[in-house]
Amino acid sequence: MLGIPFLVGLVVYYNYLQDLERVSNERLTLYESTLNSALQKYEYLPYLVAKTDIAHQLLTTGKDLTEVNMFLEQANLKAGSAALYILNPDGIVVAASNWREKNNFVGLNLSFRPYFKDALRGNDGKFFGVGVTVGKPGFYISHPILVNRKVVGVATVKIVLSQLEALWQEGGETVFVADSNGVIVLSSRPSWKYRTLAALSSDILDTIHERWQYPELKLKYLPSKRTSRMGAMEEVTIGTERFLEKTRSIPDMDWEIRYLMQQDALWERTLGTSLTSFVLVGLAILTRLFLRERRQKEISRQQAIEAERVRAINRQLAQEIEERKRTEQELREAQEELIQAGKLAALGEMSTAVAHELNQPIAAIKTYIASCKLMMARNKPERLEETLTKISDLGDRLAKVTGNLKSFVRKSSNKKSEFDLRLAINESLTLMKHQFQVEACDLKLTLPDEPVFILGDRVRLEQVLINLFRNALDSLQGTPSPFVGVTLSLGMEHAKIHVWDNGPGIASEVGKRLFEPFVTTKKDGVGVGLGLSISYKIIKEMGGEIRGGNRDGSGAEFVIRLPLSKPLEEG
Ligand code: ADP
């Protein structure tokens with residue numbers, strides 16, 4: 001952004017420079033044309049004079065002097081030139097428009113003037129110099145007077161350019177005309193007149209002296225220097241002032257007209273616009289900074305609000321977590337209380353069931369003992385044995401119930417080890433082999449080729465499997481071509497054991513209470529209804545699950561899912 005003022009300055013500078021160039025060209029053309037017209041205006045005069053008969057007569061016979069003088073006087077007056085005069089071949093003025101004046105030209109020897117010499121050679125002459133009588137500067141134009149192709153004299157007009165100079169001065173601009181030697185002959189600045197732009201050599205000074213051309217005391221060097229080019233213009237220093245200059249030559253005269261412009265305006269404008277744009281850019285930058293600062297502040301404020309909100313949310317979250325922990329603790333405590341209560345309830349339930357289960361055989365035992373006593377009293381020992389056997393059977397039944405109960409309440413042994421499920425299945429089937437044979441039951445066994453490792457108590461799992469096989473065999477009593485299917489399959493994280501049969505299926509009265517204790521359909525004390533509930537407990541302790549139900553076709557089906565000790569790797 002800081003480059004902008006420079007660029008603006010540069011653009012303004014070149015634009016303005018171009019403007020200046022254009023203007024200076026126009027001005028120069030104007031000055032040149034006014035000068036040319038001032039000079040050319042009188043060019044015809046000496047020519048006309050040279051053509052008059054009276055001039056010829058005067059020069060050839062010496063006659064009609066007064067008439068010629070009056071003619072010149074009139075012509076000069078009409079044309080508005082400074083003086084009009086005739087020289088004889090020796091350079092002596094023989095007739096002049098100012099013949100009546102005190103400082104008239106008549107009799108003056110002007111043979112040293114170049115315009116005279118030029119005309120004597122038959123050419124037109126042009127010369128700028130100060131006059132010899134009163135030293136008034138003027139421009140002289142001469143024309144030869146020919147009689148029979150012989151130069152008999154020279155007609156000359158003097159033009160004073162002071163009016164033109166006065167006009168230039170009034171214009172307030174700086175313009176001057178210098179001759180080929182660098183002498184300033186016309187200038188809008190009077191103090192520069194006859195000053196020289198280059199130091200004059202003694203030869204040149206001699207020539208000037210000979211021609212009586214300039215007031216020699218005024219011919220002083222005006223220090224001037226061209227410093228650099230600026231487009232089509234040149235930078236010059238004259239005296240102590242710096243200008244931009246445009247020059248044009250006037251070939252006819254061997255003169256150069258120079259138009260000078262103060263450089264200050266260019267620099268003022270360039271600097272002015274650069275400074276203005278600098279200030280504007282500065283303001284823009286400041287505004288930007290201010291806005292950015294404000295935005296930053298706003299963002300910081302928003303961030304602070306956001307941070308505060310996050311802190312508040314965190315505090316709330318911490319509170320909630322605290323509360324949740326407390327609730328959790330309360331819940332745990334409540335749960336423990338519930339468990340405790342549930343245990344008590346279960347104990348109560350179980351006590352009723354156990355009492356019922358035990359009371360009946362105990363009552364029977366009591367009855368049998370009473371009848372034994374009666375038999376002994378009646379001295380009939382022969383039936384005693386039979387009754388005692390019944391008592392013994394009932395004792396066995398009681399032992400079975402309590403044995404099973406012990407197994408139910410037995411805590412997990414925690415003897416966990418990794419074992420291959422295939423071995424456990426095979427081992428339990430070996431133990432049941434005899435029963436399968438007795439009941440003529442078929443076995444459909446499908447095991448995977450690779451070992452299926454799980455973590456747990458192998459003996460307890462075998463207990464579960466034996467129980468399932470036992471139940472299946474029990475249900476298959478009376479079923480034609482009975483079979484039991486056993487399949488072990490492998491999932492990504494679990495092993496699945498399927499045990500199914502083609503028996504009558506699970507009785508509807510059992511239904512959903514399949515895994516509850518003391519639920520049995522087996523008569524005559526064959527079952528106590530604890531097998532499946534114990535199995536359920538064992539599988540749960542191993543982190544698995546057991547489900548049972550009826551198959552679509554016929555028979556019951558049990559599925560055990562157990563977690564693998566090492567989950568299979570995918571792929
Ligand atoms: P119990 O074997 O002492 O009866 P369980 O808990 O092992 O006790 O079994 C509960 C009941 O579930 C059985 O009495 C029986 O009615 C039913 N049951 C279990 N397995 C099967 C099966 N494979 N087919 C039909 N019913 C079954």
Side-chain angles (χ1 to χ4, degrees), residues 346 349-350 352-358 360-361 393-394 396-410 425 428-429 431-433 435-436 438-445 459-488 496-542 544-561:
E349 235 174 65
M350 201 133 128
T352 322
V354 169
H356 174 77
E357 213 51 40
L358 296 182
Q360 194 238 340
D393 284 351
L394 284 168
D396 284 350
R397 182 167 161 73
L398 285 175
K400 205 168 170 183
V401 170
T402 49
N404 272 327
L405 267 178
K406 248 204 261 165
S407 171
F408 180 70
V409 290
R410 193 168 72 189
I425 292 170
S428 38
L429 282 172
L431 289 173
M432 293 297 289
K433 198 174 166 190
Q435 270 90 334
F436 272 92
V438 169
E439 322 249 336
C441 183
D442 250 358
L443 175 70
K444 292 185 180 175
L445 175 66
V459 178
R460 304 259 285 158
L461 182 73
E462 282 171 11
Q463 193 184 334
V464 172
L465 291 170
I466 287 169
N467 190 53
L468 289 181
F469 300 149
R470 182 67 264 160
N471 278 347
L473 286 175
D474 284 347
S475 76
L476 285 166
Q477 302 277 336
T479 301
S481 29
F483 79 82
V484 172
V486 181
T487 308
L488 173 61
K496 220 188 232 178
I497 307 168
H498 257 83
V499 178
W500 75 98
D501 58 62
N502 61 343
I506 291 152
S508 57
E509 68 219 65
V510 175
K512 287 184 178 155
R513 295 164 58 232
L514 195 60
F515 294 99
E516 283 179 23
F518 303 117
V519 171
T520 180
T521 51
K522 294 174 189 170
K523 304 279 176 322
D524 308 327
V526 175
V528 286
L530 283 172
L532 283 178
S533 63
I534 291 168
S535 300
Y536 186 87
K537 195 166 165 263
I538 291 169
I539 297 297
K540 271 275 155 200
E541 277 168 8
M542 288 173 79
E545 58 183 47
I546 176 166
R547 281 183 289 113
N550 283 326
R551 299 173 69 214
D552 283 347
S554 66
E557 176 185 44
F558 286 84
V559 180
I560 299 172
R561 241 164 78 93

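Quick caveat, the model's predicted, so the values are computed rather than measured. Atom set for the values below is all heavy atoms of this structure, side chains included, hydrogens, waters and symmetry mates excluded. Start at 1 and go down the list; that is how both ligands and their atoms are numbered.
Between I506 and ligand 1, no N or O atom pair is found at a separation short of 3.5 Å. Taking any N or O of L532, backbone or side chain, at least one lies under 3.5 Å from an N or O belonging to ligand 1. Residue S533 has no nitrogen or oxygen atom sitting less than 3.5 Å from a nitrogen or oxygen atom of ligand 1, judged on distance alone.
Judged by distance alone, with hydrogens and angles left aside, the side-chain atoms of N550 form a donor-acceptor pair with the main-chain N or O of I506 at under 3.5 Å. At least one donor-acceptor pair under 3.5 Å links the side chain of N502 to the backbone N or O of S481.
If you look at D501 next to ligand 1, the close heavy atoms, those under 4.0 Å, all belong to the side chain. When heavy-atom distances to ligand 1 are checked against a 4.0 Å cut-off, T520 comes that close through both its backbone and its side chain.
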List the steps, then state whether side-chain contact (heavy atoms from CB on, under 4.5 Å) holds for N471 with L532.
CA-CA 9 Å; N471 278 347; L532 283 178; 3.8 Å; yes

Output, in order, the C-alpha distance, side-chain angles, deciding distance and verdict of side-chain contact (heavy atoms from CB on, under 4.5 Å) for M542 and L461.
CA-CA 9 Å; M542 288 173 79; L461 182 73; 4.2 Å; yes

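Atom OG of S535 and atom CD1 of I546 lie 5.5 Å apart (nearest 0.5 Å). One finds the CH2 atom of W500 at 6.5 Å from the CZ atom of F483 (value rounded to the nearest 0.5 Å). How far NE2 of H498 is from CG of L468: 12.0 Å, rounded to the nearest 0.5 Å.
Residue N471 holds the heavy atom nearest to atom 21 (C) of ligand 1 of all those in L473, N471, I534. Here atom 14 (O) of ligand 1 lies nearest to T521 when heavy atoms of L476, T521, V499 are compared. Evaluated by nearest non-hydrogen atom to atom 25 (C) of ligand 1, the leading choice among A556, G555, G505 is G505.
Atom OH of Y536 has 12 or fewer heavy atoms from other residues, nucleotides or ligands within 6.0 Å. Taking a 6.0 Å sphere around CZ of R547, one finds it holds 12 or fewer heavy atoms contributed by other residues, nucleotides or ligands.
In the vicinity of A472, heavy-atom distances shorter than 4.0 Å reach the ligand 1 atoms 23 (N). Residue-ligand proximity, L514 to ligand 1, at heavy-atom distances under 4.0 Å covers atoms 12 (O). Less than 4.0 angstrom separates some heavy atom of S475 from each of these atoms of ligand 1: 22 (C), 23 (N), 24 (N), 25 (C). Shown in contact with V510 at under 4.0 Å from a heavy atom are these atoms of ligand 1, numbered in order with element: 16 (O).
The closest approach between G529 and ligand 1 falls below 4.0 Å for a heavy atom of the residue.
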